[in-house]
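Comments concern the structure below.
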There are 2 protein chains.
Amino acid sequence: MIRNKPRNAFAELQSRGHKLTQPRRLVIETLVNQSRAMTADDLHQVLAERKVSLASIYRTLDLLAELHLAEPVRQSGDEARYVACRPEQHHHHIICTRCWQVADIDSCLLEPVAKAIEDDSHFDVESHVLEFYGCCANCRG
Amino acid sequence: MIRNKPRNAFAELQSRGHKLTQPRRLVIETLVNQSRAMTADDLHQVLAERKVSLASIYRTLDLLAELHLAEPVRQSGDEARYVACRPEQHHHHIICTRCWQVADIDSCLLEPVAKAIEDDSHFDVESHVLEFYGCCANCRG
DNA sequence: TTTACTGCAAACATTTTGCAGATGT
DNA sequence: ACATCTGCAAAATGTTTGCAGTAAA
């Protein structure tokens with residue numbers, strides 16, 4: 001349930017040969033601190049006074065996704081939202097559809113299921129998406 | 001593994017007070033017969049000689065989703081794709097990322113998992129998305 | 001100093017919409 | 001006959017890109 005810390009992401013970025021710039025720093029900090037699934041525009045508004053351009057936000061989000069420091073989630077109809085996450089572990093999310101707060105589901109229970117599906121469907125399973133959506137304690141209030 | 005039949009969808013549409021028009025008929029037939037996850041543009045190309053407008057295709061897809069006769073799936077970076085499905089049952093999909101062919105996974109194994117998550121995270125789970133992606137027997141070749 | 005990165009503005013792709021005419025019931 | 005639906009073209013939305021200047025290493 002503990003989300004990634006900005007510093008880990010900073011280090012990961014740099015160790016992979018990317019520069020730790022001000023816009024990147026701010027996007028990472030915001031994404032981690034808010035622990036919610038944020039759109040590019042959400043970030044742009046939160047960072048309005050820091051004057052980070054939308055283009056840089058999109059570019060940073062792409063980069064973070066590539067490095068597995070963030071993951072895109074898309075519910076139909078909505079724009080893409082991004083969630084900060086730890087790169088080293090496979091996990092899934094539960095996401096509040098009111099405030100977009102996110103909690104991690106640490107274990108993945110689907111490996112045996114994927115196996116069963118491979119036998120049954122004659123597909124090779126390469127990846128899966130598992131997201132739970134609901135209402136968090138705060139929004140239920 | 002058997003997909004919905006067009007006629008069921010035709011009937012469902014009409015019984016809910018919608019007109020069974022030529023464009024709608026063609027979109028439904030195509031979506032069901034091809035049994036793949038199709039973009040609006042895929043449908044537009046397949047139906048090119050039948051002169052169905054893109055606008056009608058989008059409107060029909062929205063309607064089908066609303067009636068649970070089709071479901072949108074979005075993989076990051078891609079446009080929305082739609083899968084024909086039976087409205088009466090909860091199920092999930094396995095989707096080939098080469099040819100976008102779809103097979104159904106009839107049972108839902110996640111109800112107990114959702115319960116466990118509710119206890120653990122203090123979220124009310126309202127819905128979930130479970131999609132497996134992989135390579136079908138045909139594309140594996 | 002060098003290369004990667006940023007902001008801006010323009011381009012792009014996908015999806016939505018208003019409206020006049022066509023179609024299903 | 002009537003309401004709904006279609007096609008068209010225009011608009012809106014979300015995202016990407018080229019380029020000249022800026023900042024990180």
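Labels below follow one simple rule: chain letters A, B, ... track the order of the sequence lines, proteins then strands, and each chain is numbered from 1. Values below: all heavy atoms of this structure, side chains included; hydrogens, waters and symmetry mates excluded.
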Each nucleotide N or O in nucleotides 1-4 of chain D that has a protein N or O under 3.5 Å away: list the pair and distance.
| from | atom 1 | to | atom 2 | distance (Å) |
| --- | --- | --- | --- | --- |
| D/dA3 | N3 | B/K19 | NZ | 3.0 |
| D/dT4 | O4' | B/K19 | NZ | 3.3 |

Original post:
Should the pair B/E111-B/K115 be classified as a salt bridge under the 4.0 Å nitrogen-to-oxygen rule?
Top reply: no

**OP:** With sequence neighbours left out, write down each residue that passes ring pair (Phe, Tyr, Trp, His ring centres under 6.0 Å) with B/Y82, or none if nothing qualifies.
**Re:**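 With sequence neighbours excluded, B/Y82 shows a ring pair (Phe, Tyr, Trp, His ring centres under 6.0 Å) to no residue whatsoever.
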
Nearest-Å distance, [atom1] ([X]) to [atom2] ([N])?
{"X": "A/R74", "N": "C/dT15", "atom1": "CZ", "atom2": "C1'", "result": "12 Å"}
{"X": "A/L63", "N": "C/dT6", "atom1": "CG", "atom2": "C1'", "result": "14 Å"}
{"X": "B/Q22", "N": "C/dT25", "atom1": "CD", "atom2": "C1'", "result": "15 Å"}
{"X": "A/R25", "N": "D/dA23", "atom1": "CZ", "atom2": "C1'", "result": "12 Å"}
{"X": "A/R16", "N": "D/dA25", "atom1": "CZ", "atom2": "P", "result": "17 Å"}
{"X": "A/L26", "N": "D/dA23", "atom1": "CG", "atom2": "C1'", "result": "14 Å"}
{"X": "A/E79", "N": "D/dT16", "atom1": "CD", "atom2": "C1'", "result": "16 Å"}

Original post:
Which one of B/L69, B/V83, B/V46, B/L64 satisfies the side-chain contact (heavy atoms from CB on, under 4.5 Å) criterion with B/L31?
Top reply: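 Among the candidates, only B/L64 passes.
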
Original post:
Do other residues, nucleotides or ligands put more than 12 heavy atoms under 6.0 Å from the CG atom of B/N138?
Top reply: no

Subject >> B/D62 or B/L20, whichever maps to the more 5' nucleotide of DNA chain C >> reply: B/D62

Original post:
With sequence neighbours left out, what residues match A/D42 under salt bridge (Lys or Arg N to Asp or Glu O under 4.0 Å)?
Top reply: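 A/D42 satisfies salt bridge (Lys or Arg N to Asp or Glu O under 4.0 Å) with A/R36, A/R81 once adjacent residues are dropped.
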
Original post:
Reckon A/Q14 has a side-chain N or O less than 4.0 Å from the OP1 or OP2 of D/dA25?
Top reply: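 Looking at the OP1 and OP2 atoms of D/dA25, one of them is under 4.0 Å from a side-chain N or O of A/Q14.
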
**OP:** With rounding to the nearest 0.5 Å, note down the distance linking CG in B/L26 to OG1 in B/T30.
**Re:**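 Going from the CG atom of B/L26 to the OG1 atom of B/T30 covers 6.0 Å.
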
Subject >> Close approaches to DNA chain C from residues 37-61 of chain B, in residue order (heavy atom, under 4.0 Å) >> reply: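 Only B/A55, B/Y58, B/R59 qualify.
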
Original post:
Where the side chain of A/T21 is concerned, which of C/dT25, D/dT15, C/dT6 is the nearest nucleotide?
Top reply: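 Shortest atom-to-atom distance from the side chain points to C/dT6.
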
Let me check something: any side-chain donor-acceptor pairs from residues 128-136 of chain B under 3.5 Å, sequence neighbours excluded? List them with distances.
| from | atom 1 | to | atom 2 | distance (Å) |
| --- | --- | --- | --- | --- |
| B/H128 | NE2 | B/H90 | NE2 | 3.3 |
| B/H128 | NE2 | B/H92 | NE2 | 3.2 |
| B/E131 | OE1 | B/Y133 | OH | 2.7 |

Subject >> Of all pairs that satisfy salt bridge (charged side-chain N to carboxylate O under 4.0 Å, His left out), the ones with a partner from residues 49-69 of chain B, not counting sequence neighbours >> reply: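 Residue pairs with at least one partner in residues 49-69 of chain B: there are none.
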
Original post:
Which atom names give the shortest non-hydrogen contact between B/A37 and B/V73, and what distance separates them?
Top reply: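 Closest heavy-atom pair between B/A37 and B/V73: CB-CG2, 4.2 Å.
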
